[in-house]
Amino acid sequence: MKPTKCLAIKGLILFAFFCSTIAATAQNNWRNNYFHVDFFSNGVAVASKGNKYALVNEKGEEMIPLKYDEIKRIGQTAYFRVKQQFKYGLFDSKGKEILRVDCDDLKPFKDNYFIVKRYGRYGVVSLSGYSYIAADYEYIEEPSDGLVLAKKSGKYGYLDVSGKVIFPFIYEKAASFKNGKANVTINGKRFVIQKDFF
């Protein structure tokens, strides 16, 4: 082989090696684009730069873009609550929007449900985004003994987890059910109601 061809081949090999090294270095240095990258779980991590947050995969690709004021993982799930300009929303780890970022509040509780507040009203949604209890209530608590304490038109009542009214909205004061009983007040008089009454 002629020396000039040999040099050309060596030059091409060195150039290819140089390019692949730069590409590998660039791929591994994506973390430098962020001030902080949290621990990875299920292939994603929360990253921050300035006062903004993103959700990134292990290649540095943004699953949720760097534009939110806050991103928090919901427990051990693959779902994330985001905050932007005092509004909340919900995304999965692939960046799919489950709940629009228009909620005044979004509070998780057990069994993958959320108490959601929209336009000053409360309801209950699931991680799939399905509304189990429409956001029509002035106040709502987590289910207890299978019933949800809620407030509507200034009075308290109880719903089941599907949103069906079990005890009407007639109580001035009320507490969540515990062991099948709850304390309520009507016309200033306090008494106890039982689940098996209805």
Side-chain angles (χ1 to χ4, degrees), residues 10-144 148-150 161 176:
K10 284 182 180 178
L12 285 173
I13 290 171
L14 283 172
F15 181 73
F17 175 75
F18 179 72
C19 288
S20 65
T21 302
I22 289 175
T25 303
Q27 186 175 8
N28 291 330
N29 285 338
W30 62 262
R31 289 172 179 260
N32 294 334
N33 296 328
Y34 302 98
F35 175 74
H36 176 75
V37 178
D38 209 351
F39 68 93
F40 277 86
S41 178
N42 297 322
V44 291
V46 175
S48 63
K49 184 178 182 180
N51 293 324
K52 298 299 177 183
Y53 293 83
L55 185 72
V56 296
N57 65 18
E58 291 168 331
K59 294 178 182 177
E61 299 166 333
E62 291 186 0
M63 302 290 97
I64 300 175
L66 184 74
K67 67 176 188 176
Y68 293 99
D69 304 325
E70 178 182 281
I71 297 179
K72 288 191 177 180
R73 184 186 295 270
I74 305 300
Q76 299 301 313
T77 70
Y79 293 89
F80 296 83
R81 185 179 79 164
V82 303
K83 180 181 178 184
Q84 187 177 41
Q85 298 177 350
F86 305 104
K87 296 288 183 180
Y88 296 89
L90 185 69
F91 286 79
D92 68 14
S93 61
K94 291 182 171 48
K96 180 183 175 187
E97 185 180 70
I98 306 299
L99 289 174
R100 286 190 323 269
V101 187
D102 68 350
C103 304
D104 300 319
D105 198 7
L106 192 60
K107 178 184 170 189
F109 62 91
K110 62 183 179 180
D111 299 327
N112 299 327
Y113 292 96
F114 291 83
I115 292 176
V116 62
K117 182 182 180 185
R118 276 192 175 122
Y119 311 110
R121 298 284 174 167
Y122 294 87
V124 174
V125 298
S126 71
L127 278 179
S128 67
Y130 177 78
S131 287
Y132 281 88
I133 300 174
D136 291 334
Y137 299 93
E138 297 156 23
Y139 174 81
I140 202 164
E141 284 191 2
E142 294 180 18
S144 178
V148 176
L149 172 63
V161 291
S176 291

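The residues of the chain are indexed from 1 along the displayed sequence. Atoms considered below: every heavy atom in the structure, side chains included; atoms not considered: hydrogens, waters and symmetry mates.
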Is there side-chain contact between [X] and [Y], with at least one heavy-atom pair below 4.5 Å?
X	Y	answer
Lys107	Glu142	yes
Glu70	Tyr88	yes
Val46	Phe80	yes
Arg73	Val44	yes
Ile115	Phe109	yes

Determine which pairs satisfy side-chain hydrogen bond (donor to acceptor under 3.5 Å, both in side chains) with at least one residue from residues 90-104, sequence neighbours left out, and list them in order. Lys87-Asp104, Arg100-Asp102, Asp102-Arg118
Residue pairs passing the side-chain hydrogen bond (donor to acceptor under 3.5 Å, both in side chains) test with at least one member in residues 36-55, sequence neighbours excluded, are Lys52-Asp69
First locate atom [atom1] of [X], then atom [atom2] of [Y], and finally report the distance between them rounded to the nearest 0.5 Å.
X	Y	atom1	atom2	answer
Ile74	Phe114	CD1	CZ	4.0 Å
Ile71	Lys83	CD1	NZ	13.0 Å
Glu61	Trp30	CD	CH2	10.0 Å
Ile64	Leu55	CD1	CG	4.5 Å
Leu99	Phe91	CG	CZ	9.5 Å

Around atom CZ of Phe40, are there more than 12 heavy atoms from other residues, nucleotides or ligands closer than 6.0 Å? yes
Could you pull out the closest heavy-atom pair between [X] and [Y], with the gap in Å?
X	Y	value
Pro143	Val148	CG-CG2, 3.7 Å
Leu149	Ser176	CD2-N, 4.0 Å
Val124	Val116	N-CG1, 4.3 Å
Tyr34	Gly60	OH-O, 4.2 Å
Val37	Ala45	CG1-CB, 4.1 Å

I'd like to check the side chain to side chain donor-acceptor pair (under 3.5 Å) partners of Asp105; sequence neighbours left out, ordered by chain and number. none
